[in-house]
Amino acid sequence: MATATLPPLAKKDFQTDQEIRWCPGCGDYAILSAVQSVFPELGVPREKFVVISGIGCSSRFPYYMNTFGFHTIHGRAPAVATGLKVSRPDLEVWVITGDGDSLSIGGNHTIHMLRRNIGLKVLMFNNRIYGLTKGQYSPTSEIGKKTKSTPFGASDRPFNPIALALGAEATFVARSVDVFQPHLKAILKTAASHQGSAYIEILQNCNIFNDGAWDSLTERDARSEHIVQLEHGKPLIFGKNRDKGIRLNGLKLEVVQLGNGIGEKDLLVHDEHNPSPTYSFLLAHMGETEGFPTPIGVFRSVEAPRYEDLVNSQIQEIQAKRGHGDLEKLLRAGDTWEVRA
Amino acid sequence: MATTVTPPRQRKREVLDRAVIRFCGDSGDGMQITGSQFTNTVAIYGNDLATLPDFPAEIRAPAGTLPGVSGFQVHFSSNDVYTPGDSVDALIAMNPAALKMNLADLKPNGILIANLDEFGETDLRKAQMTSNPLEDHSLDGFRLFSVELTKLTRAALRDLGLDSKSVDRCKNFFALGMCYWLYNRSMDGTLRWIDDKFKSKPLLVQANKLAMQAGYSYCEATEAFQITYEIPPAKLAPGVYRNISGNTALAMGFVAASQQSGLPLFLGSYPITPASDILHELSGYKNFGVITFQAEDEIAAVTAAIGAAYGGSLALTTTSGPGMALKTEAIGLAVAVELPLVICDIQRGGPSTGLPTKTEQADLLQALFGRNSEAPVPVLAPSTPGDCFWIALEASRIATKYMVPVIILSDGYLANGAEPWHVPSLKDLPEFPVKFETNPADFRPFRRNPRTLARPWAVPGTPGLEHRIGGLEKQDVTGNVNYEPLNHEKMVRLRAEKVAAVVQDVPDAVPVGDASGDLLIVAWGSTYGPVTAALKAQREKGAKIGHVHLRYLNPLPKNLGDVIGRYDRVLVPEMNLGQLLMLLRAKYLVDAQGLNKIQGKPFKQSEIERKIEQILAER
């Protein structure tokens, strides 16, 4: 086969000659680098990749990826991508979006994409701010946040993107961080192999308008105290000395100190395949609670029929049953009459 | 039934060249079905015809009230029919509200069949009537037939053991049976339809058949009607015909376009009156490989279509005015990235939610200019329900040839109105096979075809053609993001020149009627019928007038200015406040005048004739 003789793809095959126009120090560079590293490892010919974005800093992404790319309009990338994927299931379609693009103007498309479980991979860069419009609060900004458009503090309660995706019954929901390169790459690869919609929140730093938004999670000293890594089949343990864990108490989670009779066996063991979204939902809200670490990793990964498969197999079934459409017959369907010369 | 056998009475049979009848009743009375059945029957018989369904936006307004009235008018003839008819020869009114809302259109001495059983005190109160018109002589100027439609239907179905609600629902077929008798029409077609429609409910098959036959026999048996009417078949061109509505014709036109272009059809749509029937029709054509995507909203509908177009589908989105407003930004994107897309706007009364079920032509300027910045698109408008088929093919052909979104402006009247349609054979359909770009050597996503200015269609999955497109301004030829002032002006001009270049595919305007003279009527869309009828009538009276009907609203035919110059006056009838009028005045500096009707109803022939006479008298 011809494909066997093709040289394997490398990271540079996915880089373009376009000058990158993100601010120096932006977290987007790290995400771009991770994606360019992971794509060659997926065993997909380059021409089969399509990167589709909406509007915002993150949405400039396709211009820097040497694949097919489409920079669309604000919030609509999931809908454009849905039209492409359902009509061209052979393509690997990745959606790049941000907290404003995906959760504000594009919220409706986000939830409906997830509910349909169409085979799109969505990378949602969450920097908790509007960067491209120069610093207004976003739907993930914390309450009280002072920004250009909220000089006295925001009165809106923020969205929890993971909880929102789970609420829409997303089949794959994960979180990673721009600067955690190995973790991010691993999550991207796992998402790539998921059948159906994969929604990945990537915590990303905007060093111009919201610098340090995730410092409590990314600073080397604080990291292990404030983050818990979700790993399927493993207990939820965190802390600099790996001496704390998460335990399920009724329908509540609690942080426990290991030792004094409390061991790993008492802890919650992560089950990303748990069919009930309720379990993942508990995890989703953990980071918002005082004293709890923020989870990163795969919250949920379950199998469900894909939209594009259902649509296309229905067409095939009907064609098998009724035969391929005959235009002449269609035009003459129903009551007709003939006028003779 | 044991009835006395009597020889059939000898009644007078009058031969007419045309008749207009209107069924009206409550929304729950099945008037649309009754009207469509009568229409199909006269169509199969060979009459030319036009219909005007007129129904409320409410699914079921309170029964018997004025807002709940639904009507269906059909004009059928042994000659050409261009309109559903200005006034009606026979009115079938199922209740007082229907009578009140429709009586004004009944001709003097016209036939009025009223359901006597629905004219009780409560019924009259619901219709806000203080006295019973069937008794107070207010209807003396008409041939009134008060018939106990409900009681007679109940009597006919007495032995079926059907519940009383279902029995009463059959009374429309009793009325239909009467009309078949009155106009000497066979019940066979409707009998077949009943068999098919209720095939899973044998009792309803029996009930509806019995009711219709009872209505027919009632006329046969009573002395009520002394005259029956005969409208001989029309002399149509030889060929196979079917009855067709505009929305059905559009749907079939796109299936044909898919086949003739060799591209799979993708429809992104969100339910909206009066466009939803296109979605319904196309969702049934899965055996043609059609993908129909009922989106979460209007914006997703059009953007999903853009995504499908990017992937190499013949992409379509269907909507009405409010949906057009929502799709605006996305259509601009399709202009910017130069992908083919067809947008069908089935216009309805506005602004805002407006009159969802009524017709209007007020989205013309929105279609032409309703986007930010310079975002020109070709705009086409079908003139009759059958023309919707051809306009779907033409819009698809232009969209793929020029790599451009194309807007089709239909309207509620064309969408739901029906006419006999000469079914084309496949060899009469244009072929326009589409070729994707496949050659990676020196590939440039925005290098243009010198004649059409179209860019190549390079679909994902093609090795070596990886490239990026988007809504940001692009550098000429390369398509790379570019903000340079002169490049922007060049790109704005190129996109405009490309749409202007479509004129090479637009046939010259050829006036119908006089090639020069006192008055030229320039019209577009569904006004075709009444304008054609008015022109014919006025020319028979000696007027020197011509008519140009525009199927292409952008670009306009290149000789339109010359044609306009050959007449002393120009009249532009439109169901809006003068949108085409404004364009013609601006473009050709002509002192054209408008005739504007914004009532949710098509023009009557007489309204246009009156305006023509007025203009000609002014000279």
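Bear in mind the structure is a predicted one, so any value in this text is a computation, not a measurement. Excluded from the calculations below are hydrogen atoms, water molecules and symmetry mates; all remaining heavy atoms, backbone and side chain alike, are included.
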J.: For chain A, which candidate among B/Ala458, B/Gly470, B/Ala304 shows the most heavy-atom pairs at distances under 4.5 Å?
T.: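 Answer, by heavy-atom pair count under 4.5 Å with chain A: B/Ala304.
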J.: Which region of B/Ala305, side chain (C-beta onward) or backbone (N, CA, C, O), has a non-hydrogen atom less than 4.5 Å from a non-hydrogen atom of chain A, or is it both or neither?
T.: neither
J.: Please state whether the side chain, the backbone, both or neither of B/Ile244 comes within less than 4.5 Å of a heavy atom of chain A.
T.: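 B/Ile244 has no heavy atom closer than 4.5 Å to chain A.
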J.: For B/Val337, is it the side chain, the backbone, both or neither that has a heavy atom under 4.5 Å from a heavy atom of chain A?
T.: side chain
J.: Considering only heavy atoms and a distance below 4.5 Å, find which of A/Ala77, A/Ala333, A/Ala320 pairs most often with chain B.
T.: A/Ala333
J.: CG/A/Asp99 to CZ/A/Phe159 distance, rounded to the nearest 0.5 angstrom?
T.: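 Going from CG on A/Asp99 over to CZ on A/Phe159, the span is 12.0 Å.
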J.: Report which part of B/Pro460 has an atom under 4.5 Å of a heavy atom belonging to chain A: side chain, backbone, both, or neither.
T.: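 Both backbone and side chain.
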J.: Decide yes or no for B/Pro264 and B/Ile291: does some side-chain heavy atom of the first lie under 4.5 Å from some side-chain heavy atom of the second?
T.: no
J.: Please evaluate residues A/Leu123 and A/Leu188 with respect to the criterion side-chain contact (heavy atoms from CB on, under 4.5 Å), reporting the C-alpha separation (whole Å), side-chain torsions for both, the decisive distance (0.1 Å), and the verdict.
T.: CA-CA 9 Å; A/Leu123 310 187; A/Leu188 293 175; 3.5 Å; yes
J.: For B/Leu339, is it the side chain, the backbone, both or neither that has a heavy atom under 4.5 Å from a heavy atom of chain A?
T.: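 When you check distances to chain A, only side chain atoms of B/Leu339 fall under 4.5 Å.
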J.: For A/Met113, is it the side chain, the backbone, both, or neither that has a heavy atom closer than 4.5 Å to a heavy atom of chain B?
T.: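 Neither the backbone nor the side chain of A/Met113 comes within 4.5 Å of chain B.
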J.: Short of 3.5 Å, which donor-acceptor contacts do chain A and chain B share? List atoms and distances.
T.:
unit_1	atom_1	unit_2	atom_2	d
A/Gln18	NE2	B/Asn480	OD1	3.4
A/Arg46	NE	B/Glu466	OE2	3.3
A/Glu47	N	B/Glu466	OE2	3.3
A/Glu47	O	B/Gly461	N	2.8
A/Met65	O	B/Arg468	NH1	3.4
A/Asn66	OD1	B/Arg468	NH1	3.2
A/Thr67	O	B/Arg468	NH1	2.7
A/Gly69	N	B/Tyr310	OH	3.3
A/Gly69	N	B/His467	O	3.0
A/Gly69	O	B/Tyr310	OH	3.4
A/Gly69	O	B/Ile469	N	3.0
A/His71	N	B/Ile469	O	2.8
A/His71	O	B/Gly471	N	3.1
A/Arg88	NH1	B/Gly311	O	3.0
A/Arg88	NH1	B/Pro460	O	3.0
A/Arg88	NH2	B/Pro460	O	2.9
A/Asn108	ND2	B/Asp297	OD2	3.0
A/His109	ND1	B/Glu296	OE2	2.9
A/Arg116	NH1	B/Glu296	OE1	2.9
A/Arg116	NH2	B/Glu296	OE1	2.8
A/Gln319	NE2	B/Asn287	O	3.1
A/Gly325	N	B/Asn287	O	2.8
A/Leu330	O	B/Arg242	NH1	3.3
A/Leu331	O	B/Arg242	NH1	2.9
A/Ala333	O	B/Arg242	NH1	3.3
A/Trp337	N	B/Tyr241	O	2.9
A/Trp337	O	B/Tyr241	N	2.7
A/Trp337	NE1	B/Ala43	O	3.4
A/Val339	N	B/Gly239	O	2.8
A/Val339	O	B/Gly239	N	2.8

J.: Flag the pair A/Phe70 / A/Val93 as yes when at least one side-chain heavy-atom distance between them is below 4.5 Å, and no otherwise.
T.: no
J.: Can you tell which part of B/Pro424 gets under 4.5 Å to a heavy atom of chain A, answering side chain, backbone, both or neither?
T.: both
J.: Enter the distance from B/Phe266:CZ to A/Leu84:CG here, rounded to the nearest 0.5 Å.
T.: 9.5 Å
J.: Within this structure, what is the CZ-SG distance for the pair A/Phe125 and A/Cys206, rounded to the nearest 0.5 Å?
T.: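 Going from CZ on A/Phe125 over to SG on A/Cys206, the span is 13.0 Å.
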J.: For B/Val302 and B/Leu341, run side-chain contact (heavy atoms from CB on, under 4.5 Å): C-alpha distance rounded to whole Å, both residues' side-chain angles, the deciding distance at 0.1 Å, then the answer.
T.: CA-CA 9 Å; B/Val302 62; B/Leu341 172 70; 4.0 Å; yes
J.: What part of B/Ile469 is in contact with chain A, defined as an atom under 4.5 angstrom from a non-hydrogen atom: side chain, backbone, both or neither?
T.: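 Both the backbone and the side chain of B/Ile469 come within 4.5 Å of chain A.
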J.: Step through the shown structure and confirm whether more than 12 heavy atoms of other residues, nucleotides or ligands are within 6.0 Å of NZ on A/Lys11.
T.: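 Yes, because the 6.0 Å sphere around NZ of A/Lys11 holds more than 12 heavy atoms from other groups.
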J.: Name the region of A/Val86, side chain, backbone, both or neither, that has any atom closer than 4.5 Å to a heavy atom of chain B.
T.: both
J.: So for A/Leu327, is it side chain, backbone, both, or neither that comes closer than 4.5 Å to the heavy atoms of chain B?
T.: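 Both backbone and side chain of A/Leu327 come within 4.5 Å of chain B.
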J.: Counting only heavy atoms closer than 4.5 Å, note whether B/Ala43 contacts chain A via side chain, backbone, both or neither.
T.: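 Both backbone and side chain of B/Ala43 come within 4.5 Å of chain A.
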J.: Apply the test side-chain contact (heavy atoms from CB on, under 4.5 Å) to residues A/Phe61 and A/Asp28: give CA-CA distance (whole Å), side-chain angles for both, the deciding distance (0.1 Å), then the verdict.
T.: CA-CA 8 Å; A/Phe61 202 94; A/Asp28 291 358; 5.9 Å; no
J.: Verify side-chain contact (heavy atoms from CB on, under 4.5 Å) between A/Ile20 and A/Leu32, making sure each step is shown before the conclusion.
T.: CA-CA 10 Å; A/Ile20 301 183; A/Leu32 176 64; 3.6 Å; yes
J.: Distance from A/Phe49 atom CZ to A/Met65 atom CE, nearest 0.5 Å?
T.: 7.5 Å
J.: Who among A/Val311, A/Val50, A/Leu330 has the most heavy-atom pairs with chain B under 4.5 Å?
T.: A/Leu330
J.: Taking B/Val459, B/Leu333, B/Val423 one by one, which has the highest count of heavy-atom pairs under 4.5 Å against chain A?
T.: B/Leu333
J.: Side chain from CB out, backbone as N, CA, C, O: work out which of these in B/Phe293 comes under 4.5 Å of a heavy atom of chain A, or both, or neither.
T.: both
J.: Rounded to the nearest 0.5 Å, what separation is found between the CD1 atom of A/Ile73 and the CD1 atom of A/Ile105?
T.: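 Reported to 0.5 Å precision, the distance equals 8.5 Å.
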J.: Pick one of side chain, backbone, both or neither for B/Ala336, based on which atoms fall under 4.5 Å of a heavy atom in chain A.
T.: neither
J.: Would you mind reporting whether A/Pro139 and A/Tyr130 have side-chain heavy atoms less than 4.5 Å apart?
T.: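 Counting from C-beta outward, A/Tyr130 and A/Pro139 do come under 4.5 Å.
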J.: Just how far is it from atom CG of A/Leu331 to atom CG of B/Leu429, taken to the nearest 0.5 Å?
T.: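 Between A/Leu331 CG and B/Leu429 CG, I get 7.0 Å after rounding to 0.5 Å.
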